[in-house]
Amino acid sequence: MSEEKSLNFLEEIVADDLQTGRSTNVHTRFPPEPNGYLHIGHAKSICLNFGLADDHGGKTNLRFDDTNPVTEDTEYVESIKADVRWLGFDWEHECYASDYFPKLYEFACALIRKGLAYVDDSSSEEIAAAKGTPTVPGRESPCRNRSVTENLELFEAMKTGAFRDGEKVLRAKIDMSSPNMHMRDPIMYRIRHVHHHRTGDTWCIYPMYDFAHGQSDSLEGITHSVCTLEFEVHRPLYNWYIAKLGIFPTRQFEFARLNMTYTVMSKRKLLQLVQEGFVDGWDDPRMPTISGMRRRGYTPLSIRNFCDRIGVQRRENIIDVGLLEFCVREDLNRIALRRMVVLDPLKMVITNYPAGQTEEMDAENNPEAPDQGGTRKLPFSGELWIEREDFMEVPAKKWFRLAPGAVVRLKNAYIVRCDDFVKNEQGEVIEIRCSYIPESRSGQDTSGINVKGTIHWVSAATAIRAEVRLYDRLFNVEDPSAEGDFKNFLNPSSLDIISQAVMEPSMAEAAPGDRFQFIRKGYFSLDEKLSHSGHPVFNRTVTLKDGWAKEAKKG
RNA sequence: UGCCCGAUAGUAUAAUGGUAGUACGACAGAUUUUGGUUCUGUUUGUCUUGGUUCGAAUCCAGGUCGGGCAACCA
């Protein structure tokens, strides 16, 4: 029964390499720089790299590309490991580019000996000026033809700390007039007298990305090195180092990074949101970070499914955030426990319900999985909370909910008719007065009455209260990065805090990791960071699709 | 006015010279004690101009449009 599943272009390459014998195994790697938190775009890369290997019984390394100690930190290392694990992936080896510093140093010496690298005394500005432009060839450095011996000595001196930051660099001797700017004698090593989060003060010279990444891939025996499109122009240099060094020839392939509507995805911009206080931190539930989405209540499966559905290509793309929401609803619909929660309470009094009487109603925990979900008891009484927006004094067209004279079903309970309502001095409705139909009890309804609307409710006497946080998109334009400062497009109402939502009593037992559907409202889960004993906080992961909102918009 | 990459419904993504399909969205309907879910149906597409071919989304050439490249970042 295997369904015909088409391969993306990378899967095709790998399958083809295996088939032709160009590769005998598949070994990929996920190579984050530990200078920020992982986001949904990284999830695409993670799923791709682990998926590519997994499809063929291969392995995937987790490698930290930690060649720039100025911006990197172990805090990020830990968060990245936690996020990859949470997404459901196990790496083969945990690697660090910094583990290869001695080897990389030897590689550099080897290139010097071959006359393919030289120490340059030029300043950063001089090098930039001599680099030329894409349309104007560069000029060769006066240091370009130093002897091998002198280069070796100088490079050694760089390593032993004889020079200050920026005083010298090691450059590859390639072609200053190459149409590819990356081939114009790229810098291999720079001097940085700074503490590295792993190697401490052992080194004061650090390799550039280009002089570390390909060799790291090669040293680990990576067969297919997958990265994003902006590295495409680096590939000739990647291959040049490998060829000149004569080491295992990893091949690099590029794909288009993920973009999503109403979202920014660059680490730089996300860092800005964190540092300038527009959000609560990297794990703010509004952030597209893995940690933010986890806190928000996203499931790993929903993220993996999303990554599967968006596909992989080389063209620029911007994915509708609605697809992400679809994926999480799809997963949560299957697993979430249904609960009665009123976010914006309005009192309902059932005038003909015997005073002081209570009943217990049976309610399904999950109609999508009746066998596993079971049922629970729901206390009912003559005084309830209902959702304010479920009552309209002057009903709209096609309004199926409460209005003067209208009947609705209280879910899992009785049918009620709205007889009257009470307003305060400000003209706000503060109470709805209804009568119930005793023979309409859920499961034993003999009333013969058909109602079009069913609403949720919570019995007032037994209700518990808790904070609920409603999140909306962080930006109010589809492409915040399109023009101008992206921060101008922040959605001012991306967070709505409800301090006193009323909930059915079973919610007192909510535990971290539980997923709930607050009936008719959306999917929610406990915020593990903000909740403490006696003060639970629930985050809205995503709303339910709202058919009425759509209908109402039509007018 | 250099080099590299790309272009299929609104958004993604298939079709690998042989009927342009799928998902999300939108629209319409059925079911429903969640205006949820589920189900059914409809709608919308090969950037352009030539060429090769019995036949082109696919191969070739020109054009157009979009993206990337000039950090001692990755």
Side-chain angles (χ1 to χ4, degrees), chain A residues 4-8 12 31-33 35 65-68 70-72 120 122-124 127-129 131-138 165-171 178-184 187-192 205-206 208-210 212-213 227-236 254 256 261 267-268 309-327 329-330 333-334 338 340 364 367-368 398-401 408-413 415 440 442-443 445 451-456 478 517-522 543-552:
Chain A
E4 195 71 26
K5 207 225 167 221
S6 58
L7 303 179
N8 68 46
E12 259 176 28
E33 182 189 12
N35 69 344
D65 230 331
D66 54 351
T67 56
N68 183 8
V70 177
T71 57
E72 296 156 6
D120 195 341
S122 310
S123 70
S124 175
I127 289 177
K131 195 133 199 174
T133 70
T135 52
V136 178
D165 286 6
E167 206 173 330
K168 298 212 180 327
V169 289
L170 184 71
R171 291 230 259 169
S178 170
N180 183 338
M181 299 295 290
H182 296 277
M183 300 299 273
R184 322 247 264 224
I187 291 169
M188 295 162 61
Y189 268 94
R190 76 285 215 187
I191 301 171
R192 282 273 180 285
I205 56 171
Y206 292 96
M208 298 288 290
Y209 165 85
D210 283 306
H213 199 95
C227 62
T228 45
L229 244 29
E230 69 268 26
F231 292 101
E232 185 171 15
V233 281
H234 295 242
R235 189 175 356 121
E254 310 86 17
T261 55
K267 269 200 250 180
R268 204 198 90 242
R309 282 179 210 247
I310 59 178
V312 184
Q313 255 306 340
R314 286 174 63 84
R315 48 175 171 261
E316 288 297 322
N317 61 79
I318 179 156
I319 307 283
D320 188 340
V321 71
L323 182 61
L324 217 211
E325 292 172 353
F326 168 82
C327 290
R329 285 190 189 109
E330 179 186 44
N333 178 51
R334 282 178 23 242
R338 313 293 134 126
M340 297 275 217
E364 279 182 310
E368 300 300 312
K398 296 193 185 172
W399 178 255
F400 301 156
R401 283 120 89 157
V408 296
R409 159 80 61 183
L410 296 173
K411 187 164 172 68
N412 300 120
I415 291 173
S440 67
S442 207
D445 185 353
V451 295
K452 279 195 275 192
T454 300
I455 65 172
H456 60 285
E478 273 202 12
Q517 184 198 97
F518 293 175
I519 288 172
R520 303 206 303 135
K521 302 280 24 168
T543 60
L544 250 28
K545 262 172 57 178
D546 190 345
W548 166 248
K550 204 181 281 183
E551 186 63 40

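Within every chain, numbering begins at 1; the chains are lettered A, B, ... in the order of the sequence lines, protein sequences first and strands thereafter. Quick caveat, the model's predicted, so the values are computed rather than measured.
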Which part of the nucleic acid, if any, lies within reach of [X] when heavy atoms closer than 4.0 Å are counted: base, sugar-phosphate only, or nothing?
X	value
I415(A)	nothing
L544(A)	base
F400(A)	base
E316(A)	sugar-phosphate
R338(A)	base
T228(A)	nothing
T67(A)	sugar-phosphate
R315(A)	base
Q517(A)	base
F231(A)	base
R184(A)	nothing
H182(A)	sugar-phosphate
G443(A)	base
K411(A)	base

Proximity to the side chain of [X] - top-ranked nucleotide from [options]:
X	options	result
D320(A)	rA7(B), rU11(B), rC73(B)	rU11(B)
N68(A)	rA12(B), rC73(B), rC4(B)	rC73(B)
K398(A)	rG35(B), rA74(B), rA12(B)	rG35(B)

Atom [atom1], compared across [N] and [M]: separation rounded to whole Å:
N	M	atom1	value
rU34(B)	rG67(B)	P	48 Å
rA15(B)	rA9(B)	C1'	15 Å
rG45(B)	rU8(B)	P	14 Å
rU46(B)	rA20(B)	P	13 Å
rU42(B)	rC47(B)	P	25 Å

Mind calculating the distance between [atom1] ([X]) and [atom2] ([N]) to the nearest angstrom?
X	N	atom1	atom2	answer
E254(A)	rA74(B)	CD	P	18 Å
R314(A)	rA14(B)	CZ	P	13 Å
R309(A)	rA23(B)	CZ	P	10 Å
M183(A)	rC3(B)	CE	P	16 Å
I519(A)	rU32(B)	CD1	P	18 Å

State, to 0.1 Å, how close E232(A) and R314(A) come at their nearest heavy-atom pair, and which atoms those are.
OE2-NH2, 2.5 Å
For S122(A) and D120(A), which I'm curious about, is there any donor-acceptor pair between the side chains at under 3.5 Å?
yes
